[in-house]
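Written out below as structure tokens is the structure these notes cover.
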Amino acid sequence: MRRTSTVIGPAQAPGKPPVSGDWHTIARLLPYLWAYRWRVALALGCLVTAKFANVGVPLVLKHIVDALDLKAGDVRVVLVVPVALLVAYGALRLAVTVFTELRELLFARVTHDASRTIMLQVFRHLFSLSLRFHLDRQMGGMSRDIERGSQGITSLISYTLYSILPTLVEITLVIGYLVTHYDASFAAIALGALALYIAWTVSVTEWRTQFRRRMNEEDSRANTKAVDALINFETVKYFCNEEFEARRYNENLLARMHAAIVSQSSLSLLNTGQGLIVATAVALLLWRATAGVVAGTMSLGDLVLVNAFMIQLYVPLNFLGVLYREIKQALIDLERMFRLLGEHREVADAPHARPLALAARGEPGVGATARGDPARAAGAAAPLIRFERVSFAYDAARPILHEVDLTMEPGTTTAVVGASGAGKSTLARLLFRFYDIGTGRITIDGQDLRDVTQASLRAAIGIVPQDTVLFNETIRYNIGYGRPEADQPAIEAAARAAQLHEFVMSLPQGYDTNVGERGLKLSGGEKQRVAIARTLLKNPPILILDEATSALDSRNEQAIQDALRRVALDRTTLVIAHRLSTIVDAEQILVMARGRIVERGSHDVLLALGGEYARLWAMQHADDASASREGGSDAAGTLRDEEAERDRERGEDALGVTG
């Protein structure tokens, strides 16, 4: 029975839409903090202790003032009581600092470890998402979202624990003292001002959040365009479009600036209203305290106490709006990062998925030891690969493959040719399981790709792409990426097999030479040879060659083709070819057109058929003959050699090689 599946894009992810909102974001963050619940409890204990000490400071100050309000000549009380109170005052001040710092020390690990854990989880999740997701996203904006989300974790925890929660504790203690020791009007004024302050802050901040969100969106767009332009540095220079890119970048910077100005204007309105509420409350409380002192119902110490209470509350209350805004922004940033975690995995391992099982290789492949191929004597045997009536579409409205049937026998080479858009590269992507097929199935040694783990599947496949992108690291790192645990002799053996070792040794820093962003310090041919060496080092039983020698000059192409041909002897190989002369030795050649296999067979069989393959062969042969008549293949080869030499000189100049 054939299994079917539906191609689903990010917008079509199954299930309910992701839940959003501040409380949902906080709920998603809490499990990361719960892992340190005892440390959190101790930190909260230090917080409460620090606030008790902080509230005690004005109380001691009240008693100091009252103790000094004595009759003349009472030397005993003046010497004993104020000294003891002054010591207590200093001790409470010290206690506030000690317990505050202890709280931050205890909670530092919680904050940073929660941030690290979430960042790592997002990083891993992004690599688990399908190729479709990454093709649809702009990396600059996504990296900005992750960066702000990481900062949002620290901001949310810090502002909540270090500012909002301590302020609430202190307000509770102060209001409680005012209720129990003074007229109810004191507590009423303080509570009324607090309620009005919070209502004003929340309402205005909610209103102005839209401006901050718009500013962040414009910031992400600007960053996306800047990163995209810098990544494509050479293309920008080729077309002299520096000013064009600067204008595009400036458009987003201007939009961000206007959004920032509106955001700042609304902040000024918020701060003005807060200042008016606080100033009115302080004036009313001091008026009531002054009236109490005049009436004899309150002492001078009580007046000082009320004033000190309001001064202590004034500073955190003055920043409450800023803190609330920052917390809201942190929640927004954190929500955007959690949204990445909530992205649907279009291609996911099945619950019953197991590692791909391949038969162990018995003896080394033909000539493996003689060639010095790295680790050829170890690993899995070449498998049998089948595409069984496979249909696929990137978009439901535009099918790519139509019931493709093909069999790749173990240890053989299958070449695929055809016009652009025929579906050649799609076969390789489906074999890697970057996408799930629509109908049919793909098997390796009888195992459906959807029944095996993606990690084990991709570990068994190596690819030499036509467009090689390298890490901004050393040549050793980029070759060793095929097998990170490989030692230097294995890396050098792979480089020799790829005709790269001599070039690397000619560089001043050898294998420690940095290749630059995306490998731009190397020529196209050198990058392709690094990709070949990387794949040889991986030593996979399945090999995919996507026009693997397209960037090589004629002097090196034949040597690399011979090396790849020998390497393919012990592997099941899929070759995506444009030049037919490179695949004449393939056991099976498939000709694709409009997502279907229209011809198949060996080179000789297909020529005898006189069909599409024979037509393509005749066209390429005619081009070669035309070039030969005009001074020919030698001239064409010389031109390619000169182009490659200029490419090499550009790369060597960037790498610091001198003549």
Side-chain angles (χ1 to χ4, degrees), residues 1-18 125-139 142 342-351 353 356 385-408 414-444 447-454 457-458 461 463 465-467 542 544-547 574-578 588-600 612:
M1 181 182 295
R2 285 187 298 157
R3 300 194 309 180
T4 63
S5 61
T6 304
V7 178
I8 301 172
Q12 299 170 299
K16 299 179 180 179
H125 183 70
L126 290 176
F127 277 106
S128 74
L129 297 176
S130 69
L131 181 61
R132 189 195 312 273
F133 170 83
H134 290 279
L135 292 177
D136 290 341
R137 286 298 181 109
Q138 293 180 305
M139 189 54 62
M142 189 166 63
E343 285 288 346
H344 169 63
R345 294 184 182 183
E346 180 185 337
V347 180
D349 287 342
L356 179 66
I385 301 175
R386 282 197 173 98
F387 283 66
E388 302 175 7
R389 300 180 66 82
V390 172
S391 296
F392 173 75
Y394 294 107
D395 187 325
R398 184 173 171 265
I400 300 297
L401 299 181
H402 304 272
E403 297 192 337
V404 171
D405 272 307
L406 70 93
T407 299
M408 300 167 60
T414 298
V416 184
V417 299
S420 297
K424 304 186 301 297
S425 297
T426 299
L427 294 178
R429 288 178 170 181
L430 294 180
L431 189 57
F432 265 104
R433 207 187 165 203
F434 285 154
Y435 302 91
D436 273 335
I437 60 177
T439 60
R441 69 174 192 156
I442 304 173
T443 64
I444 297 179
Q447 303 161 82
D448 194 306
L449 299 193
R450 291 167 294 191
D451 294 332
V452 301
T453 60
Q454 296 176 66
L457 169 66
R458 291 165 189 159
I461 306 175
I463 185 170
Q466 181 177 2
D467 183 18
I542 303 171
I544 298 175
L545 305 177
D546 187 358
E547 197 63 27
L574 175 65
V575 179
I576 299 170
H578 300 284
Q588 177 180 217
I589 299 175
L590 308 175
V591 182
M592 295 193 68
R594 295 179 297 279
R596 291 182 170 86
I597 298 175
V598 296
E599 294 178 6
R600 73 179 77 206
E612 180 69 14

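Atoms considered below: every heavy atom in the structure, side chains included; atoms not considered: hydrogens, waters and symmetry mates.
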Does any N or O in the side chain of Glu599 come within less than 3.5 Å of the main-chain N or O of Glu612, such that one atom is a donor and the other an acceptor?
yes

Does Arg458 reach the side chain of Arg433, with side-chain heavy atoms less than 4.5 Å apart?
yes

Output the distance between atom CG (Leu590) and atom CG (Leu406), rounded to the nearest 0.5 Å.
5.5 Å

Tightest non-hydrogen contact, residues Ala393 and Pro399, listed as CB-CA, 3.6 Å

How close do Ile400 and Gly423 get, heavy atom to heavy atom, and via which atoms?
CG2-CA, 4.1 Å

Below 4.5 Å, heavy atoms only, C-beta onward: do Ile542 and Leu431 meet side chain to side chain?
yes

Would you call the rings of Tyr435 and Tyr394 parallel, tilted or perpendicular, where under 30° means parallel and over 60° means perpendicular?
perpendicular

Quick one: does any side-chain atom of Lys424 pair with a main-chain N or O of Ala419 as donor and acceptor, under 3.5 Å?
yes

Do the non-hydrogen side-chain atoms of Thr407 and Gln588 ever get within less than 4.5 Å of each other?
no

Between Ile597 and Asp405, is any pair of side-chain heavy atoms under 4.5 Å apart?
no

Is any side-chain heavy atom of Leu401 less than 4.5 Å from a side-chain heavy atom of Met592?
yes

Ile544 side chain near Leu427 side chain, heavy-atom distance below 4.5 Å:
no

Interatomic distance, CG@Asp436 vs CZ@Arg450, rounded to 0.5 Å, equals 6.5 Å

How far apart are the closest heavy atoms of Ser425 and Asp546, and which atoms are they?
OG-OD2, 4.1 Å

Heavy-atom closest contact (Ile576 atom, Ala428 atom, distance)
CD1-CB, 4.0 Å

Could you check whether any side-chain heavy atom of Ile463 comes within less than 4.5 Å of a side-chain heavy atom of Phe432, counting everything from C-beta outward?
yes

Which atoms form the tightest heavy-atom contact between Ala593 and Val598, and what is the distance?
CB-CG1, 4.0 Å

Rounded distance (nearest 0.5 Å) linking atom CD1 of Ile444 with atom CG of Leu457:
5.0 Å

I need the minimum non-hydrogen distance between Leu449 and Leu430, along with the two atoms involved.
CD1-O, 3.6 Å

Check whether any side-chain N or O of Ser391 sits under 3.5 Å from a backbone N or O of Glu403 as a donor-acceptor pair, and report yes or no.
yes

Gap separating the OG1 atom of Thr443 from the CZ atom of Phe387, nearest 0.5 angstrom
9.5 Å

